[in-house]
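Quantities reported herein were computed from a predicted structural model and do not represent experimental measurements. Counting convention: from 1, in listed order, for ligands and their atoms alike.
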Amino acid sequence: MVSASGGLNQQRVAICNAIALASFLNATLVLPRFLYSIVWKDPSQFGDIYQEEYFMNIMKDEVNIVKELPSHLKSLDIEAIGSLITDADIVKEATPIDYLTKTLPLLLQNGVVHFLGFGNRLGSDPLPSKLQKLRCKCNFHALKFVPKIQEAGSLLIRRIRKYDAAQATLDRQLFGEFLTGSPSNKHDSARGSSKYLALHLRFEVDMIAYSLCDFGGGEKERRELQTYRESHFPMLMERLKHFMPISSSVLRNLGRCPLTPEEAALMLAGLGVKRGTYIYLASSHIYGGKFRMHSFTNLYPNLVTKETLLTPSEVSPFRNFSSQLAALDFIACATADVFAMTDSGSQLSSLVSGFRTYYGGGHAPTLRPNKKRLAAILSENGTIGWNSFEDRVRKMIKDGQSVRIRGFGRSIYRQPRCPECMCKTY
Ligand SMILES: *[C@@H]1O[C@H](CO)[C@@H](O)[C@H](O)[C@H]1NC(C)=O
Ligand SMILES: *[C@@H]1O[C@H](CO)[C@@H](O)[C@H](O)[C@H]1NC(C)=O
Ligand SMILES: *[C@@H]1O[C@H](CO)[C@@H](O)[C@H](O)[C@H]1NC(C)=O
């Protein structure tokens, strides 16, 4: 059994890691459950987000999956018999050997083990290629969103593209039967479909407070972030007492500061993204809200979100379910003509870019700024001319875009180009 912690995307990784692990241990997998988190506040379970039967059916030849624990095991107190395994019991990126020595004996003795959390608990290399294949199959083929999410996702995309566009394999994968190929009305069809760029701009209070960087908001911002750190990151504050403070400009030059909305806008402008471009802004509560987004929207007024594209009554079935809302963002980002991220460490950006590599047929570009290089370029703000700014931003993005074969230790979800996942790797 697995009870996965985290939001939608962490859970997705946990599910596919659980598939690989169950196969490795020759164990039956109980349909994964999702832990309720006070951060995400979403009671959704597997079947509220993914198609259960479809999942079980696609994986059935490799892993036996059941919906419930059989009755003779149900009555056990799993914790009391020592079969509850938390993230503290297993190292991050654990290897199969770790599971053979620690988990298998428990499984054989008690007939059941329950992983609680299971975040990031199965590493990438070395891993038998059969298990990598299973992860790949699980992530890219077995997890289909439920019709309710597919339908809203499809509606969202139709509204942005102003056209019932059946783009490609990527859309079929995401929308299932809610894919229609005809323009929604004559007017739209005459105008043609509009392309859009999806942006995952991570500028949330927790990550910017944690970064210890300065974001140009003056004394008010400094005080606010300091207060936030004191109440949310006591361990960080404790650690800081023992070190010399590092200045914000040093941190920025090291590439440690999340991009601000202003920096993201500059990057897009440097790449030649036109003012009229529709930009879908994924999730995230931007620190400073509308006010902080002001210069961005000045430059790019056609900024849309799921909340602006869908009517309140269309959003309301999802309102209290952050994972289901995140699924809509996942769809809008995965299917965008261009996807831009500001933080390559984010699970959403990482899974979306993997999806675009896998299903995009080489036509689904992902823009990955290198924060360190961008900081170096922006630090010349007093002297750099626009043309040279453009050249350098373009070069930075181009270097980050080069199609790569999965490197050692890299996640197959993010970099599916490898023999175990995409048969043709180029
Ligand atoms: C699982 O089954 C296979 C095939 O029967 C066997 O080779 C392997 O050793 C088993 N693994 C475990 C962990 O029991
Ligand atoms: C969402 O939750 C709030 C507060 O918990 C509740 O008042 C509201 O009715 C819920 N909305 C939906 C659509 O379930
Ligand atoms: C311009 O660069 C200088 C030096 O790095 C920095 O102090 C200043 O904040 C930058 N200004 C803007 C608007 O980014």
Do M293 and L201 have side chains that approach each other closer than 4.5 Å (heavy atoms only, starting at C-beta)? yes
cation_pi(R12, F330) dist<6.0 Å, angle<=45: yes
Where does the angle between the aromatic ring planes of Y228 and H232 fall among parallel (under 30°), tilted (30 to 60°) and perpendicular (over 60°)? parallel
Enumerate the pairs of nitrogen or oxygen atoms, one from ligand 1 and one from the protein, separated by less than 3.5 angstrom; state names and distance to 0.1 Å.
residue: ligand 1; atom: 2 (O); partner: N26; partner atom: OD1; Å: 3.2
residue: ligand 1; atom: 2 (O); partner: N26; partner atom: ND2; Å: 2.3
residue: ligand 1; atom: 11 (N); partner: N26; partner atom: ND2; Å: 2.9
residue: ligand 1; atom: 14 (O); partner: N26; partner atom: ND2; Å: 3.3

Here the gap from S350 atom OG to F355 atom CZ, rounded to the nearest 0.5 Å, amounts to 12.5 Å
Is E53 salt-bridged to K67, cutoff N-O under 4.0 Å?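 Salt bridge between E53 and K67, a charged N being under 4.0 Å from a carboxylate O: yes.
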Taking the ring centre of each residue, are Y50 and F55 less than 6.0 Å apart?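 So the answer is no for these two rings.
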